[in-house]
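Note sheet for the following structure.
Both ligands and their constituent atoms are indexed starting at 1 by order of listing. Scope of the values below: all heavy atoms of this structure, side chains included, with no hydrogens, waters or symmetry mates. Predicted model, so just to flag it, every value in this text is computed and none were measured. Along the sequence shown, residues are numbered consecutively beginning with 1.
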Amino acid sequence: MPTTLEAVVFDVDGTLAETERHGHRVAFNKAFEQQGYPYRWSDELYRELVKTTGGGRRIARYLTEFENFEPDEARAVAEKLHPIKTQLFVDTILAGEVPGRLGVGRFISSIQQAGIRTAVATTGTTSWVHPLVKHLSEEGGFEPFEVVVTGNEVANLKPAPDLFQEALRRLGLQPHQVVMVEDSRNGVRSAMATGGPCLAVRGEYALTEELEGADLIVDSYGDEASPLTVLSNPRELTVGPMLTPELLVELHRRRQEGGYRA
Ligand code: XBP
Ligand code: MG
């Protein structure tokens with residue numbers, strides 16, 4: 001029995017805002033400096049480290065893999081540093097230094113005006129996610145997300161499906177009733193594990209081929225001045241210069257029909 005599109009569930013980092021290169025990475029380096037550690041994560045190194053989801057786990061992985069820490073010691077240092085990094089990132093959000101991605105406000109507003117519910121499912125830490133999504137809805141002119149699930153609230157982070165599954169539970173919906181929006185390999189794999197349609201808006205650290213499996217891959221949400229570029233279109237959708245609710249409805253319908261040119 002075909003179902004209609006009831007909700008769109010957005011990832012945060014890289015999807016709603018390009019937070020990694022100039023946000024999280026800078027906050028990690030500030031925390032290292034403030035606490036007297038010599039570590040500084042370059043953009044190139046961070047491209048690799050960001051494949052480990054969860055900032056605390058990322059620090060622990062770096063210390064064991066690159067600084068030869070014992071696992072227990074690495075975890076202890078990560079547990080000390082991650083809250084410091086998190087507060088530094090909150091400070092940048094409150095200073096208004098984390099803008100939404102181009103066209104994201106328009107897109108979410110149009111979805112909400114079409115009567116489609118909106119939610120968030122992110123690996124990120126609760127204490128910065130809420131101020132960021134509040135800032136983005138005010139900056140982007142859209143209503144607050146109905147449901148916001150963060151990395152602290154589930155057992156397994158992406159690419160596991162836990163975060164999307166928790167968002168669906170709170171929405172009272174099934175995977176085939178939504179579209180999940182992601183930016184990274186881990187995120188697309190999490191959406192695929194959840195079992196529903198996925199739109200990928202490629203993030204700054206992702207390669208297009210890493211996002212294969214999504215039902216459509218684009219480089220941006222698009223707006224009047226800057227049209228989006230289609231990167232992969234296995235459902236052979238008709239895509240205009242900007243993402244629209246109508247396109248999401250069609251992506252959702254085509255997914256149910258099963259046509260997929262791999
Ligand atoms: C991306 C992540 C997060 C952030 C850092 O989450 O993996 O860990 O990189 O935030 P998503 P924290 O793409 O699912 O939003 O330090 O709070 O983990
Ligand atoms: Mg992401």
For D13, the N, O or S atom at the shortest distance from the Mg ion (ligand 2) is O
Relative to ligand 1, is D13 under 4.0 angstrom through side chain, backbone, both or neither, heavy atoms considered? both
Heavy-atom pairs closer than 4.0 Å: do any link ligand 1 to the side chain of W128, the backbone, both, or neither? side chain
Measuring from the heavy atoms of [X], does anything fall under 4.0 Å of ligand 1?
X	value
D11	yes
R57	no
S184	no
E182	no

Between W128 and H135 (judged by ring centroids, cut-off 6.0 Å), do the two rings come close enough to count as a pair? no
Proximity of Y205 and Y46 rings by center, below 6.0 Å: yes
Tell me which protein heavy atom sits closest to [atom], plus the residue, atom name and distance to 0.1 Å.
atom	answer
atom 10 (O) of ligand 1	H24 CE1, 3.4 Å
atom 9 (O) of ligand 1	E20 OE2, 2.6 Å
atom 18 (O) of ligand 1	G55 N, 2.7 Å
atom 7 (O) of ligand 1	R58 NH2, 3.1 Å

Does any N or O of ligand 1 fall below 3.5 Å from an N or O anywhere on G54, backbone included? yes
Would one find an N or O of T123, backbone or side chain, under 3.5 Å from an N or O of ligand 1? yes
Which is closest to atom 17 (O) of ligand 1 by heavy-atom distance: T125, L16, N186? T125
Contacting atoms of ligand 1, where contact means under 4.0 angstrom from a heavy atom of [X]:
X	answer
T53	7 (O)
K85	5 (C), 10 (O), 12 (P), 16 (O)
K158	14 (O)
T122	6 (O), 11 (P), 14 (O), 15 (O)

Short N-O contact, [X] and [Y], less than 4.0 angstrom:
X	Y	answer
E48	K51	yes
E79	R75	no
E146	R170	no

Heavy-atom distance under 4.5 Å between the side chains of I111 and F10, does that happen here? yes
Does R235 reach the side chain of E257, with side-chain heavy atoms less than 4.5 Å apart? no
Only to 10 degrees, please: what angle do the OD1 atom of D183 and the OD2 atom of D11 make about the Mg ion (ligand 2)? 80°
Quick one: does NZ or CZ of K30 land under 6.0 Å from the six-membered ring centre of F28, within 45 degrees of the ring axis? no
Do R40's NZ or CZ and the ring of F32 fall within the cation-pi criteria of under 6.0 Å and 45°? no
Apply side-chain hydrogen bond (donor to acceptor under 3.5 Å, both in side chains) to residues Q113 and S110 and explain how you reach the verdict. CA-CA 5 Å; Q113 283 158 27; S110 66; over 6 Å; no
Specify whether an N/O/S atom of E182 falls short of 2.8 Å from the Mg ion (ligand 2). no
Would you sort out whether R101 and T15 count as a side-chain hydrogen bond (donor to acceptor under 3.5 Å, both in side chains), showing the intermediate values? CA-CA 7 Å; R101 284 194 64 167; T15 299; 5.9 Å; no
